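Here you go, one structure.
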Amino acid sequence: MEQNHSAEGLSIGIIMDGNGRWAKQRGLPRTAGHKKGADVFDDITRYANEQGVRAITYYAFSTENWSRPADELEVIMDLFGQSLKRLYKYRKENNRVVFLGERTALLPAHQKMMDEIESETQSRTGMILNIAINYGGQQEITKAARELAQLAAEGKLNPADINEDMLEGHLYTKGQPMPDFILRTSGEMRISNFLLWQCAYSELLFTDLYWPDFRRKHFDEAVQEFHSRNRRFGGIGE
């Protein structure tokens, strides 16, 4: 039987890295790299949707990224606001948009738009588009543990009954498929606090390409690399 090596039905995580270094190589300000990276985000999202991807999760801004220079942060947040405006179009494409992370640190106007986009797309049945903004995997797990602890303190939950499924139900990605693979651009080979719970059995793929240089053909190559892996999930495998 011929194997299916398409992206259809896959759940994918992407760590978009290398915007600043891409710009530096070209003698441009780091902010130029972020602007180019935003264009690539739009194109790859559109392509993933066309390919039948079940869910795609982008690491857009981590809880640690606040340590960057103020002028760079201003540009990043401005680009995020522009991206939010463009995300409204996904209401027409049957995509469900979900924002992962602690949003109270973001601009009130951005929070309002995020709430509206999530509310208006929550019943969509197409590709799930997750955007991790002010997100950290450790923070996400801590949040889930805190919520379970509160339920226990209120007498609504016996601590002895807590299991993996219960904790997973308090994550930002509750009810979603776990990522089949996580791709990181820029040549760095680490997860950097991204989807720590969810990536337990994800395949990890790394490319030396900076995110602004990432194209549809590279997406296809990543999918093919994933399909070449032998996923054992703790078993012996083939």
Side-chain angles (χ1 to χ4, degrees), residues 7 10-51 53 55-90 93 95 97 99-101 106 110 127-136 179 181-195 199 202-226:
L10 293 182
S11 177
I12 300 169
I14 298 181
I15 301 174
M16 304 178 289
D17 196 17
N19 289 341
R21 280 166 284 173
W22 178 90
K24 184 177 180 181
Q25 278 188 348
R26 290 158 177 76
L28 301 170
R30 288 175 57 87
T31 52
H34 293 305
K35 292 176 181 177
K36 179 63 175 177
D39 293 337
V40 175
F41 165 88
D42 284 343
D43 186 59
I44 295 300
T45 300
R46 189 175 301 111
Y47 186 59
N49 190 38
E50 293 170 359
Q51 296 300 303
V53 168
I56 189 164
T57 305
Y58 290 100
Y59 206 2
F61 189 84
S62 75
T63 50
E64 292 78 24
N65 286 154
W66 292 109
S67 62
R68 296 190 175 192
D71 58 340
E72 184 174 346
L73 288 174
E74 183 177 355
V75 170
I76 290 173
M77 288 302 150
D78 181 62
L79 286 170
F80 177 59
Q82 294 176 34
S83 295
L84 285 172
K85 293 176 182 177
R86 291 196 298 272
L87 282 172
Y88 277 101
K89 69 186 179 186
Y90 287 99
E93 298 183 14
N95 293 145
V97 182
F99 296 97
L100 319 181
L106 304 175
H110 290 173
M127 185 180 78
I128 300 170
L129 171 56
N130 292 316
I131 301 174
I133 180 83
N134 195 29
Y135 171 88
F181 73 83
I182 292 178
L183 169 73
R184 181 170 187 154
T185 59
S186 87
E188 304 290 352
M189 296 186 181
R190 54 181 178 270
I191 292 297
S192 295
N193 206 15
F194 181 56
L195 301 180
C199 77
S202 302
E203 294 296 319
L204 305 180
L205 282 63
F206 302 98
T207 174
D208 290 333
L209 287 167
Y210 293 137
W211 177 247
D213 287 328
F214 196 79
R215 299 291 181 268
R216 294 183 176 200
K217 66 178 182 178
H218 303 126
F219 180 91
D220 291 337
E221 290 170 359
V223 170
Q224 293 306 306
E225 169 64 20
F226 164 75

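Owing to the predicted nature of the structure, the values given are computational and were not obtained by experimental measurement.
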- Task: State whether the side chain of Y59 and the backbone N or O of S192 hold a donor-acceptor pair below 3.5 Å, judged by distance alone.
- Result: yes

- Message: Could you go through N193 and E64, starting from their C-alpha distance and side-chain angles, then the distance that decides it, and tell me whether this counts as side-chain contact (heavy atoms from CB on, under 4.5 Å)?
- Response: CA-CA 9 Å; N193 206 15; E64 292 78 24; 3.3 Å; yes

- Message: If we ignore hydrogens and angles and just use 3.5 Å, is the side chain of Y135 paired with the main-chain N or O of L195 as donor and acceptor?
- Response: yes

- Message: Rounded at 0.5 Å granularity, tell me how far CD1 in I133 sits from CG in L106.
- Response: 5.5 Å

- Item | Side-chain (R184) to main-chain (M189) donor-acceptor, under 3.5 angstrom | no

- Item | Heavy-atom closest pair, residues H110 and F80 | ND1-CD2, 3.8 Å

- Query: What is the distance from atom OG of S202 to atom CG of L183, rounded to the nearest 0.5 Å?
  - Reply: 12.0 Å

- Query: Is D42 close to R86 at the side-chain level, that is, under 4.5 Å between some pair of heavy atoms?
  - Reply: yes

- Query: Could you state the interatomic distance from CH2 (W22) to OH (Y210), rounded to the nearest 0.5 Å?
  - Reply: 12.0 Å

- Message: Could you tell me if Q224 and D220 have a donor-acceptor pair between their side chains, going purely by distance under 3.5 Å?
- Response: no

- Note on the structure: Applying salt bridge (Lys or Arg N to Asp or Glu O under 4.0 Å) to D43 and not counting sequence neighbours gives R46, R216

- Kindly indicate whether the side chain of T57, heavy atoms from C-beta on, has any atom under 4.5 Å from the side chain of F194. yes

- Message: Quick one: does any side-chain atom of T185 pair with a main-chain N or O of D17 as donor and acceptor, under 3.5 Å?
- Response: yes

- With E74, which residues qualify under salt bridge (Lys or Arg N to Asp or Glu O under 4.0 Å), at least two apart? none

- Examine the side chains of Y58 and T45 and answer whether a donor and an acceptor come within less than 3.5 Å of each other. yes

- Message: For R21, is there an ion pair with D208 - N to carboxylate O distance below 4.0 angstrom?
- Response: no

- Message: The test is side-chain contact (heavy atoms from CB on, under 4.5 Å); show your working for N95 and L87 and say whether it passes.
- Response: CA-CA 10 Å; N95 293 145; L87 282 172; over 6 Å; no

- Contacts of type side-chain contact (heavy atoms from CB on, under 4.5 Å), residue N65, not counting sequence neighbours: F61, S62, R68

- For the residue pair V40 and R215, what are the closest heavy atoms and their distance? CG2-NH1, 3.8 Å

- Query: Do you know which two heavy atoms are closest between A48 and I56, and how far apart they sit?
  - Reply: CB-CD1, 4.0 Å

- Write down the atom of V53, the atom of A55, and the distance for their closest heavy-atom approach. CG1-O, 3.3 Å

- Message: As an exercise, state the distance from CG of D71 to CD1 of I76, rounded to the nearest 0.5 Å.
- Response: 9.5 Å

- Item | Plane angle bin for F214 and W211 - parallel if under 30°, tilted between 30 and 60°, otherwise perpendicular | parallel

- Taking all non-hydrogen atoms of both residues into account, name the closest pair between P212 and G37 and its distance. CG-N, 4.3 Å

- Calculate, to the nearest 0.5 Å, the distance between atoms CG and CD1 belonging to L205 and I14 respectively. 10.5 Å

- Task: Answer whether the closest heavy-atom distance between the side chains of I131 and F41 falls below 4.5 Å.
- Result: yes

- Message: Could you report the tightest heavy-atom contact between V75 and K35, atom names first, then the distance?
- Response: CG1-CE, 4.4 Å

- Message: For the OG atom of S186 and the CG atom of D213, what is their distance to the nearest 0.5 Å?
- Response: 11.5 Å

- Only one of R30, K36, H34 clears side chain to side chain donor-acceptor pair (under 3.5 Å) with N19; which? H34

